[in-house]
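Have a look at the structure below before the remarks.
Nothing fancy with the numbering, it's 1 onward along the sequence.
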Amino acid sequence: MVSAPIPSLTMWNPQIPLFEVLSHLPEPHIRVPLDLVLGFGNILFIKLVLWAPHTGGWALFRMGIATPICLGIFTYLVLCQIEKDDVTHWGASSLCFMWSMRVLEYFVFYPPEEHVHRIVPKSQIHPHPKKLSDVQKAEQEETGEETLVPEPVPRPFTLAKFYWGSSLTWSFRGIGWNFQCPLPASSTSAPYSRGSSRSSWIKAQLKPWFIIYIIDDLCRALRNIVAKEFFAGEVPYDSLTQWQRGLYSTLVVFRVYAGMVHAWIPYGIGMFTIGWMMGWKGEIWEPWGWPPLFGPMGDLWKHPGLSTMWSRTWHGYNRRWLYVLGWVGIGENLLGLTHTGVSTHPSVPSISGSGTISPSHPIPSSTSGSGSSSNKTLPTRKISSKLIFQNLIKSFITFLLSGLNHDIGSLALIIKNHPRSHPVYLNELFRLTPFFVLQPVGLAFEALIKHVYRSSKKRYIQRGMEPNWLIFLERLVGFVWTWTWLGWSARYFVEGMVMLGAYRRDGGRDLYWSLWGGLVWGKWMI
């Protein structure tokens, strides 16, 4: 059953009709168990394909048969089934697009056997000549003395190759792989380092998870009670006061943040509990493979800026495929722009001062470390204006693909919330895109200001000798800049989600229990 039409927002003209295409689609149905079987079965099929060789006829099978099957199932899940909760439906549909892009990466453009590798303890490949005691092994893992090395790709149709493919499939952020997304120092130490116990991980996560739940419930009560008219699409964004814009943007962003955390923590607990029961080892079966999904605000305060926000603070789910398909695939291979950044097959990511890879997480961090190693200055070189411009183009392509990822969720909401007879236009599909394409502009402006400021500062103040008041002032300005830009550009995301009907409570939508709603407003079900 669909609800009443949602008010239309015209972003540009001429309008291209979309409803004529949508009218040919089958009427979507409420999700049934078969849809879940198809979704998870499709993921299992991806792992089975990765289990096989990647050369010869198997390569043709991947491209010509497996790819259309996987893409077809994910497309069906976006177009033909709906979830009762609108935001969950939007997120699940965007996730289907992410899986589809990973299928194209693995099966068509960048076979993982040739472009990625796991990072494993050296003893796993070359056992110690003398057997170590359990105590010695535990001390070695905790102190980080054991060297990590690239793991050779296991032989096809072996249990090791099946685990290899399973880890690649489920490690969205590449934890334990050579393409792991940058992590803050707090996410690479206990209880998120190799050898950390499951109980310490759970203890570290339960308190913030509870706090996030309480705040999320408060935000939901504010959306559904205080700001009900706006989130129902009845009040235009332009009529809001500046205070309301800031508050409503926070409510939207925190819903996205909390929704992902609410899925991430139980998922991690479930996976490493299975690992504990079965005695399995590895990044998806142990706590170190499940560091916090988002970086702490303290790191963003110490190193403020959009660059920190998008590289370390945000979750990094899509980092790998956006880079290889957008930055490299479209930007460098298709458009012929100069290669910059890392390869599609990065080497071992991080080497410590002693010449070994950090076993906690093989990722460099300019904010971590101790002693002299943290003060080393990496070699730098000037980059030409041409490369800066080309990098801006590639950054634009990458964020545009990220916008398209979220627009698939928008398409799913349009299908769910618009009657087939209601006129829908193509521009309504791209309501969220402006937020994403604006981010490279902010990043470029930020990089320019940083360059000019640092070039001027080093004439008067030696690096590392800055007074405390200057450090505080720099952090304050950078922090304010970060949230001012995100707050200003977020209007497109906030307004877009509202106009897509992501937060409407009419049309027979389910109501959920709310602590804040009941205690403050007397409405226990909202």
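- Checked against the 6.0 Å centroid threshold, Phe172 and Tyr317 count as a close aromatic pair.
- With values rounded to the nearest 0.5 angstrom, Leu438 atom CG is found 11.0 Å from Leu486 atom CG.
- Aromatic ring orientation, Trp170 versus Trp99: perpendicular (interplanar angle above 60°, classes split at 30° and 60°).
- Distance alone, capped at 3.5 Å, places no donor-acceptor pair between the Lys394 side chain and the Tyr323 backbone.
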Full working for ring pair (Phe, Tyr, Trp, His ring centres under 6.0 Å) between Phe210 and Tyr213: CA-CA 5 Å; Phe210 176 75; Tyr213 172 81; 7.1 Å; no
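- Listed for the Glu234 side chain is no donor-acceptor partner under 3.5 Å among the backbone atoms of Phe230.
- Pairing each heavy atom of Phe74 with each of Ser100, the nearest pair is CB-OG, 3.5 Å.
- Side-chain contact check for Asp407 versus Thr433: some heavy-atom pair is nearer than 4.5 Å.
- Annotation: the span from Met497 atom CE to Arg431 atom CZ amounts to 12.0 Å, rounded to 0.5 Å.
- With sequence neighbours left out, the ring pair (Phe, Tyr, Trp, His ring centres under 6.0 Å) criterion links Trp264 to Trp290.
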Derivation and outcome, side chain to side chain contact (heavy atoms under 4.5 Å, CB included), residues Arg509 and Asp506: CA-CA 6 Å; Arg509 289 170 170 83; Asp506 59 355; 3.0 Å; yes
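- With Arg31 contributing its side chain and Ile82 its backbone, the two residues share no donor-acceptor pair below 3.5 Å.
- Side chain to side chain, Ser171 and Glu283 fail the donor-acceptor criterion of an N or O pair below 3.5 Å.
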CA sep, side-chain torsions, deciding dist, call: Leu25, Leu22, side chain to side chain contact (heavy atoms under 4.5 Å, CB included): CA-CA 5 Å; Leu25 295 175; Leu22 298 181; 3.8 Å; yes
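- The residues Asp238 and Arg491 are annotated as salt-bridged, a charged nitrogen and a carboxylate oxygen being separated by less than 4.0 angstrom.
- At least one donor-acceptor pair closer than 3.5 Å links the side chain of Gln439 to the backbone N or O of Phe435.
- Residue Met297 qualifies as enclosed at atom CE: its count of foreign heavy atoms under 6.0 Å is above 12.
- Residue Trp51 forms a ring-ring contact (aromatic ring centres under 6.0 Å, His included) with just one option from Tyr163, Phe157, Trp58, and that option is Phe157.
- Side chain of Gln180 to backbone of Gly176: a donor-acceptor contact under 3.5 angstrom is found.
- Put simply, the residue from Thr75, Asn318, Asn405 that forms a side chain to side chain contact (heavy atoms under 4.5 Å, CB included) with Phe97 is Asn405.
- Surrounding CH2 of Trp483 are at most 12 heavy atoms belonging to other residues, nucleotides or ligands under 6.0 Å away.
- Contact check for Phe399 versus Trp310: side-chain heavy atoms found under the 4.5 Å cut-off.
- Interatomic distance, CG of Leu411 versus CD1 of Ile414, reported as 6.0 Å (0.5 Å rounding).
- Surrounding NZ of Lys228 are at most 12 heavy atoms belonging to other residues, nucleotides or ligands under 6.0 Å away.
- Annotation: side chain of Leu322 is in contact with side chain of Ser402 (closest heavy-atom distance under 4.5 Å).
- Within the 3.5 Å criterion, the main-chain N or O of Leu50 finds a donor-acceptor partner in the side chain of Lys161.
- The distance from the CZ atom of Phe109 to the NE2 atom of His115 is 12.0 Å, given to the nearest 0.5 Å.
- Under a cut-off of 6.0 angstrom, the local environment of CZ in Phe389 is sparse, with at most 12 non-hydrogen atoms contributed by other residues, nucleotides or ligands.
- Proximity of a side-chain donor or acceptor of Glu151 to a complementary backbone N or O of Val120 within less than 3.5 Å is not detected.
- Between His262 and Trp209, the ring planes are tilted. Angles from 30° to 60° get that label.
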Verdict with reasoning, Glu83 to Thr88, per side-chain hydrogen bond (donor to acceptor under 3.5 Å, both in side chains): CA-CA 7 Å; Glu83 300 197 35; Thr88 302; 5.1 Å; no
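- In Tyr267, the OH atom is crowded: over 12 heavy atoms of neighbouring residues, nucleotides or ligands sit closer than 6.0 Å.
- Remark: Ile43 CD1 to Ile73 CD1 distance equals 10.5 Å, nearest 0.5 Å.
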Pair Leu300-Phe294, side chain to side chain contact (heavy atoms under 4.5 Å, CB included): steps then yes or no: CA-CA 11 Å; Leu300 188 60; Phe294 296 91; over 6 Å; no
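- Among residues two or more places apart in sequence or in another chain, the ring pair (Phe, Tyr, Trp, His ring centres under 6.0 Å) test is passed with Trp164 by Trp177.
- Side-chain contact check for Tyr257 and Asp216: no donor-acceptor pair (N or O, by modelled atom type) lies under 3.5 Å.
- Under the 4.5 Å side-chain criterion, counting only non-hydrogen atoms from C-beta, Glu332 is in contact with Thr340.
- Note that CZ of Arg173 is 7.0 Å distant from OG of Ser187, once rounded to the nearest 0.5 Å.
- At least one side-chain heavy atom of Ser93 sits under 4.5 Å from a side-chain heavy atom of His89.
- The closest side-chain heavy-atom distance from Val78 to Ile415 is not below 4.5 Å.
- Taking a cutoff of 4.0 Å between a charged side-chain nitrogen and a carboxylate oxygen, Asp86 and Arg504 do not qualify as a salt bridge.
- A salt bridge links Asp85 and Arg255; the closest N-O separation between the charged side-chain nitrogens and carboxylate oxygens is under 4.0 Å.
- Checked by atom type and distance alone, the side chain of Glu113 never pairs as donor or acceptor with a backbone atom of Val153 at under 3.5 Å.
- Between Trp488 and Trp485, the angle of the ring planes lies from 30° to 60°, which puts this pair in the tilted group.
- Proximity of Phe493 to Leu432: side-chain heavy atoms (C-beta onward) are separated by under 4.5 Å at one or more points.
- The ring pair (Phe, Tyr, Trp, His ring centres under 6.0 Å) search around Phe231 returns Tyr248, Tyr503, not counting sequence neighbours.
- At a threshold of 4.5 Å between non-hydrogen side-chain atoms, the residues Leu401 and Ile330 count as touching.
- Donor-acceptor pairing under 3.5 Å is recorded for the side chains of Arg102 and Tyr106.
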